[in-house]
Structure formats: structure tokens, C-alpha cells
A.B. asks: 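To start, I am sharing the structure in question, which I have written as C-alpha cells.
Basis for what follows: all heavy atoms, side chains included, without hydrogens, waters or symmetry-related copies.
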Amino acid sequence: MENSKKASFFKQVYRVVGAIPPGRVLTYGQIATLVGAPYLARQVGWAMHGCPLGLPWQRVVGAGGRLLTRSPNPPGGSLQQRQLLEQEGVLFVGERVDMSRHQFVPSKGFLKNRKRSFPGPQ
DNA sequence: GCCATGGCTAGTA
DNA sequence: GCCATGGCTAGTA
């Protein structure tokens, strides 16, 4: 991917992450689709390595509600992610987020129309 | 649990 | 080769 395009891809990813409400989650694939590159789910994962402080990184999960984070980034890996999500009232089924209850389904054009963003920890 | 997949980077876009 | 992804065979009571 071209450099300028890559930069905007990252920025768009962070913008989407900042717009996930508390208690809701988005998958890597959903985010890739929302920024117009449905096949770049893995690159969303890479972008999350460089997730700026203050974004609710814990609200990004794998397909089916799987938690895929590994220490040391974030420090506590999936365990810390689960704790942060549970603090917002997110329920789990086994090791997975209960997606039927918590998957965020953005309205069309939600990025353009959103009134606010939703900060994470830190 | 396995494998096809995209991009190529290890700092913070 | 590496990875914070996603989708899900085939044989079967």
C-alpha cells in the first residue's frame, strides 16, 4: 500500500475505534469494511499495535467475539482486555464476547454524523 | 484446530 | 517468516 494511503488507513482506523460506544465491540473485519478495505482485517490488527493512548482499544475483538490481544502490548493481553470490557458491562460466553448482545452495528454514515467520540482508559 | 490470506512494519502513522 | 484475522471440511447417529 502506498505510504500516504497507509497513513490515512491508520487514521481512519483510529477514528472508527474512537467512535465505539462503551459496552459495545467492533471486529477487525468490521473496521476494515468501514474504512473501505474489507480484506485488510489483518492490517487493522497491525494498526492496533500503534493505537494512540486514550482510544478504547479493548472494544476491538476478533470475529465471533474472540479476544486476540497478547502481552506485552497491551501489558495484560486478553486478560486485561476482558477486565476492561467487563467493567463496561460486557458479558462473555465462555472465552468470547457475547456478540449477540454487544456487537456494535454502526448506522450508515456514523463517522460523518457522529456527535461525539468515546474515550477509553488511560 | 486448521489453513488461506495481505502486506512487509516492530514504533506508534 | 510473522501476525491483535476470518471462516469453517468431512464424515457422521
A.B. asks: Within this structure, what is the CD-to-P distance between A:Q43 and C:dC2, rounded to whole angstrom?
C.D. replies: 17 Å
A.B. asks: Considering only B:dA13, B:dG6, C:dG6, which nucleotide approaches the side chain of A:F10 most closely?
C.D. replies: B:dA13
A.B. asks: What is the distance from atom CG of A:L40 to atom OH of A:Y28, rounded to the nearest 0.5 Å?
C.D. replies: 15.0 Å
A.B. asks: What integer distance in Å separates A:Y14:OH from C:dA4:P?
C.D. replies: 14 Å
A.B. asks: Between P on B:dT9 and CZ on A:F9, what's the gap in Å once rounded to a whole number?
C.D. replies: 16 Å
A.B. asks: Nearest nucleotide by nearest heavy atom, which residue falls closer to the 5' end of DNA chain B, A:L40 or A:N73?
C.D. replies: A:L40
A.B. asks: Give me the atom names and distance for the closest heavy-atom approach of A:W57 to A:P121.
C.D. replies: NE1-CG, 4.3 Å
A.B. asks: According to a 3.5 Å limit on both distances, what stems of 3 or more consecutive Watson-Crick or G-U pairs are formed with DNA chain C?
C.D. replies: B:1-4 with C:5-8, B:6-8 with C:1-3
A.B. asks: Expressed in whole Å, how much space separates the C1' atoms belonging to B:dG1 and B:dG6?
C.D. replies: 22 Å
A.B. asks: State which residues pass salt bridge (Lys or Arg N to Asp or Glu O under 4.0 Å) with A:R24; sequence neighbours excluded, sorted by chain then number.
C.D. replies: none
A.B. asks: Could you list the residues that satisfy side chain to side chain donor-acceptor pair (under 3.5 Å) with A:N73, not counting sequence neighbours?
C.D. replies: none
A.B. asks: Which heavy atom of A:G77 sits nearest to which heavy atom of A:S71, and what is that distance?
C.D. replies: N-OG, 3.3 Å
A.B. asks: To the closest 0.5 Å, what do you measure between CD1 (A:I20) and CG (A:L26)?
C.D. replies: 4.5 Å
A.B. asks: Compare the minimum distances between each of B:dA13, C:dG6, B:dA4 and the side chain of A:A41, then state the nucleotide with the smallest one.
C.D. replies: C:dG6
A.B. asks: Is any side-chain N or O of A:H49 closer than 4.0 Å to OP1 or OP2 of C:dA4?
C.D. replies: yes
A.B. asks: Any idea which heavy atoms bring A:T27 and A:A63 closest together, and the distance?
C.D. replies: CG2-CA, 4.1 Å
A.B. asks: With a 4.0 Å heavy-atom cut-off, tell me which residues in residues 18-33 of chain A come close to DNA chain C, sorted by residue number.
C.D. replies: A:T27, A:Y28, A:G29
A.B. asks: Which value, rounded to the nearest 0.5 Å, describes the distance between A:L67 atom CG and A:L85 atom CG?
C.D. replies: 6.5 Å
A.B. asks: Do the side chain of A:E88 and the main chain of A:P21 share a donor and acceptor less than 3.5 angstrom apart?
C.D. replies: no
A.B. asks: When you measure from every atom of DNA chain C, which of residues 86-108 of chain A have a heavy atom less than 4.0 Å away?
C.D. replies: none
A.B. asks: Just by distance, no angles: are the side chains of A:Q80 and A:Q58 close enough, under 3.5 Å, to form a donor-acceptor pair?
C.D. replies: no
A.B. asks: Taking the minimum atom-to-atom distance to the side chain of A:R42, which one of B:dT5, B:dA13, C:dA4 wins?
C.D. replies: B:dT5
A.B. asks: Report the distance from atom CD of A:E86 to atom CZ of A:F92, rounding to the nearest 0.5 Å.
C.D. replies: 5.5 Å
A.B. asks: So with a 6.0 Å cut-off around CZ of A:R101, is the heavy-atom count from everything else above 12?
C.D. replies: no
A.B. asks: Determine the interatomic distance between C1' on B:dA13 and the same-named atom on B:dG7; round to the nearest Å.
C.D. replies: 15 Å
A.B. asks: Measure the distance from CG on A:L68 to C1' on C:dC2 and round it to the nearest whole Å.
C.D. replies: 15 Å
A.B. asks: With the threshold set at under 4.0 Å for non-hydrogen atoms, list the residues of residues 58-67 of chain A touching DNA chain C in residue-number order.
C.D. replies: A:G62, A:A63, A:R66
A.B. asks: In whole angstrom, give the distance that lies between atom OH of A:Y39 and atom P of C:dT5.
C.D. replies: 18 Å
A.B. asks: Write down the atom of A:F9, the atom of A:A37, and the distance for their closest heavy-atom approach.
C.D. replies: CE1-CB, 4.4 Å
A.B. asks: In whole Å, I'd like the distance from the CZ atom of A:R15 to the P atom of B:dA13.
C.D. replies: 17 Å
A.B. asks: Cluster question for you: counting only ILVMFWY and a side-chain heavy-atom cut-off of under 4.5 Å, with indirect links fine, are A:L84 and A:Y14 together?
C.D. replies: yes
